[in-house]
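Structure record follows, encoded as structure tokens.
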Amino acid sequence: MTMLSKQLPMYLRCLSRDHSINLTHYILQVATWFADMWDTEYMQNEIFKNNFWNDWQKLLGKNHVIQNVKDCDFTPIYDWCQNEKDKKKQMSSAEKKALREEKMKQEEKYKWAIVDGVKEKVGNFRVEPPGLFRGRGKHPKTGHVKKRIGPNDVIINIGKDAPIPECPIPGASWKEIRHDNTCSWLAKWRDPTKAKSSKYVFLAASSSWNGQSDKEKYEKARMLKSYIGNIRAAYTKGFTSIDITKQQIAVATYFIDKLALRAGNEKDDEEADTVGCCTLKVENVMAEGHNKLKFDFLGKDSIKYENTVEVELPVYNAILKFQKDKCPGDALFDKLDTSILNAHLKELMPNLTAKVFRTFNASFTLDDKLNKETKDGDVAEKVVVYQHANKQVAIICNHQRSVSKSHSSQISKLSGKIDELQAVLKELKIDLDRARKGKPPLKCSGVKNQSNLNPEAIEKKIAQTSAKIEKMQRDMHTKEDLKTVALGTSKINYLDPRISVAWCKRNEVPIEKIFSKTLLEKFAWAMDVDPDFRF
DNA sequence: CGTTCGGACTCAGAAAAATATTG
DNA sequence: ACAATATTTTTCTGAGTCCGAAC
């Protein structure tokens, strides 16, 4: 707020030619959030702009001088924002360091919780700052103002005898102090963008509570291994069931098993229109002949799922039957929802739900690929094998990332360097030829110290250059290969860390080559696994 | 009973920050 | 060595899953 008062006159000048317009700090702040996004694609998004305008107009009031967002020139505020960012960037590294240390010092007291007498790290200890809501995909609420959360919004959950945390805003108080030991959250507040849901402060991923729950997740997925044969036999039988609900359950389970689809809960119209298995619409699956089904839909986070797969004939015929007499927009599995599906899965294995198949599929695939593809070689080669296996998993789970803005320029840069090196190599080969005949090297050659070059030295140089070229070509290929694939999501959420730790032990690969510092902490529970561990 | 609702937790890619590489 | 740039790691918060209670 102090910062804002300094900005006030600036904002006033920016927002209107009429300097007398009185805008409150909050109205200005909301305008700044909008202006700061002037150079983003959100400015082409009519829903975003309309939602912003509607909320902003409410703040301005009905009879405000500003009657149309189009009359406002936001570019001066945008310029001011850019300038502030530049100033931050231009700080010396010493200044940045001092600022960082000051921040660390202030935050230290919020970072820890004593749980059952053990000091545990807290995950997100800050409430989310206000701003303009940015949903993913075509979100109907994008652009709406997300309001500031204060102590009065926050429920604290602590032990009965624990001291109540000091309220950071003088005069204000917490909404409620609760003593519920049946759940793990430390604080929560209502999500300002979704009336029905809450935001939570949980322990960090490295906490023992989360570690235990992680381990249980993987143990359940491992249990599926011994049930999967029967489950597959059961759904194969179900493909031709005359009971249409049973038939739909069978085909849906097949998709979840074979394609690692998510369960697919119902969504309301206040959210982006995405689907999972149970909510697939008839147009999301196309029968293409020769038992091939083409899947095309937007899944979680509006990530496109596109995959053409050959299925068993009874599945193919069942899909044709489910689509019969339906229109686009109709549910493919009209007799199903996630609770029916999961209730059925629980009959096949204790506590089995749809998501377990994803964990099972991912971890099983990693274990399988690692053990089939690892060969003798140095650490670097083995890490490549791991990354390759990790990539197969990411593809199965459809974990994508957007291509970085500088990707193509980085590729052409690399390719340019390879061309240069190849030219050097060509000259070296000529020089080698000449050196063997006792002639001096060519002047234009990239070789320095030409006076004392013998054939052996040139040969060595050729070998070095060739190796360099090969490495760069491999790097370029990998970069292109992984430009849309996100490897991290599966590593964090789907791959039993014991597979990786045991593989590292067996192959003398340092675990640090696979897990970052935070992942090592998160997976502390898996580090003492036996080298023979198999998923 | 289903069906809806909301609570609590897991999982998601983008963006920011930190770190490594390069020229 | 050092600043610019590329890469990796961490943070952020939105978007799912699944459960159980209430209607």
Side-chain angles (χ1 to χ4, degrees), chain A residues 40 85 88-89 93 96-97 100 103 123-129 131 133-137 139 141-142 146 155 157 180 182-185 188 190-205 209-210 213-214 216-217 256 261-268 270-272 274-279 298-303 337-343 345-346 351-359 362 394 397-407 409-411 413-414 417 475 478-479 482 484-494 515-522:
Chain A
T40 69
K85 283 176 199 165
K88 225 174 177 177
K89 237 191 243 169
S93 51
K96 280 183 193 164
K97 197 182 164 196
R100 207 161 52 223
K103 198 179 162 204
N124 55 324
F125 51 85
R126 257 185 292 260
V127 291
E128 293 167 19
F133 175 77
R134 296 132 110 134
R136 313 253 169 93
H139 200 296
K141 289 198 157 184
T142 189
K146 186 172 109 171
I155 303 172
N157 187 27
D180 184 353
T182 66
C183 53
S184 76
W185 57 269
K188 73 165 173 174
R190 206 142 282 291
D191 181 342
T193 65
K194 271 182 102 196
K196 291 166 193 164
S197 63
S198 294
K199 294 281 190 176
Y200 295 84
V201 170
F202 291 115
L203 292 176
W209 197 93
N210 284 345
S213 144
D214 219 22
E216 283 164 13
K217 173 178 79 181
I256 282 169
L261 300 191
R262 295 186 186 83
N265 284 302
E266 299 289 339
K267 297 185 79 183
D268 60 42
E270 301 283 275
E271 302 170 285
T274 64
V275 300
C277 185
C278 291
T279 43
L298 295 183
K300 182 178 181 180
D301 292 291
S302 295
I303 298 293
D337 62 32
T338 54
S339 67
I340 292 169
L341 182 73
N342 281 333
L345 293 177
K346 274 177 184 52
N351 300 313
L352 182 61
T353 63
K355 78 193 270 286
V356 181
F357 284 86
R358 265 170 87 79
T359 313
C397 294
N398 199 36
H399 291 147
Q400 296 188 24
R401 60 173 181 165
S402 52
V403 179
S404 106
K405 226 164 62 182
S406 55
H407 177 81
S409 77
Q410 282 172 15
I411 287 287
K413 223 170 169 177
L414 257 178
K417 275 188 210 162
D475 287 353
T478 309
K479 198 187 184 93
L482 294 176
T484 61
V485 186
L487 299 185
T489 309
S490 52
K491 205 186 261 187
I492 297 169
N493 301 300
Y494 287 101
F515 291 149
S516 67
K517 184 174 148 275
T518 43
L519 279 189
L520 285 171
E521 285 168 8
K522 174 181 162 97

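Keep in mind it's a predicted model, so treat the numbers as computed, not measured. Per chain, numbering begins at 1; letters A, B, ... match sequence-line order.
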Is the shortest side-chain N/O distance from [X] to OP1 or OP2 of [N] below 4.0 Å?
X        : N      : value
A:Lys413 : C:dA6  : yes
A:His139 : C:dA15 : yes
A:Lys199 : C:dG14 : yes
A:Ser213 : B:dC9  : no
A:Ser339 : B:dG2  : no
A:Ser184 : B:dA8  : no
A:Lys196 : B:dG7  : no
A:Lys146 : C:dG14 : yes
A:Lys479 : C:dT7  : yes
A:Thr489 : B:dC11 : no
A:Arg358 : B:dA12 : yes

Heavy atoms from C-beta onward define the side chain here; which of [options] lies closest to that of [X]?
X        : options                : answer
A:Ile303 : B:dG13, B:dC9, C:dG14  : B:dG13
A:Tyr494 : B:dT10, B:dA12, B:dA14 : B:dA12
A:Lys300 : C:dT9, C:dA15, B:dA8   : C:dA15
A:Ser402 : B:dA14, C:dT17, C:dA6  : B:dA14
A:Arg100 : C:dT13, B:dG7, B:dA18  : B:dA18
A:Arg126 : C:dT7, C:dC12, C:dC18  : C:dC12
A:Gln410 : C:dT13, C:dT7, C:dA15  : C:dT7
A:Ala263 : B:dG7, B:dT10, C:dC18  : C:dC18
A:Thr518 : C:dT17, C:dT10, C:dG14 : C:dT10
A:Ser198 : B:dG7, C:dT9, B:dG23   : B:dG7

For the residue pair A:His139 and A:Phe133, does the interplanar ring angle fall in the parallel (under 30°), tilted (30 to 60°) or perpendicular (over 60°) class?
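Geometry flag for A:Phe133 against A:His139: perpendicular rings.
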Would you indicate what [X] reaches in the nucleic acid, counting non-hydrogen atoms under 4.0 angstrom: base, sugar-phosphate, or nothing?
X        : value
A:Gly276 : nothing
A:Arg136 : base
A:Leu519 : nothing

Donor-acceptor pair between A:Thr338 and A:Asn265 side chains, under 3.5 angstrom
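A donor-acceptor contact under 3.5 Å links the two side chains.
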Any luck finding a side-chain donor-acceptor pair between A:Thr274 and A:Lys300 under 3.5 Å?
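There is no such pair (donor and acceptor under 3.5 Å, judged by atom type) between the side chains of A:Thr274 and A:Lys300.
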Which whole-number value in Å describes the distance from A:Asn342 CG to C:dG16 P?
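These atoms are roughly 17 Å apart.
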Specify the separation, in whole Å, of atom CG of A:Asn493 and atom C1' of C:dT17.
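Spelled out: CG on A:Asn493 to C1' on C:dT17 is 13 Å.
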What are the two closest non-hydrogen atoms of A:Ala354 and A:Asn342, and how far apart are they?
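Nearest pair, atom of A:Ala354 first, then A:Asn342: N-OD1, 2.9 Å.
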Closer than 3.5 angstrom, by distance alone: can the side chain of A:Asn210 be matched with the main-chain N or O of A:Ala204 as a donor-acceptor pair?
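Judged by distance alone, yes, a pair lies under 3.5 Å.
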Separation of A:Arg126 CZ from A:Asn124 CG (nearest 0.5 Å):
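If we round to the nearest 0.5 Å, A:Asn124:CG and A:Arg126:CZ are 9.5 Å apart.
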Residue closer to the 5' end of DNA chain C, A:Lys346 versus A:Phe515 (nearest nucleotide)
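Whichever sits nearer the 5' end wins; that is A:Phe515.
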For A:Arg401 and A:Thr193, take the nucleotide of DNA chain C holding the closest heavy atom to each; which residue's nucleotide lies nearer the 5' end?
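Here A:Arg401 is the residue nearer the 5' end.
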Quick one: the side chain of A:Lys355 and the base of C:dC18, do they pair up donor-acceptor inside 3.5 Å?
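Checked by distance alone, the answer is no.
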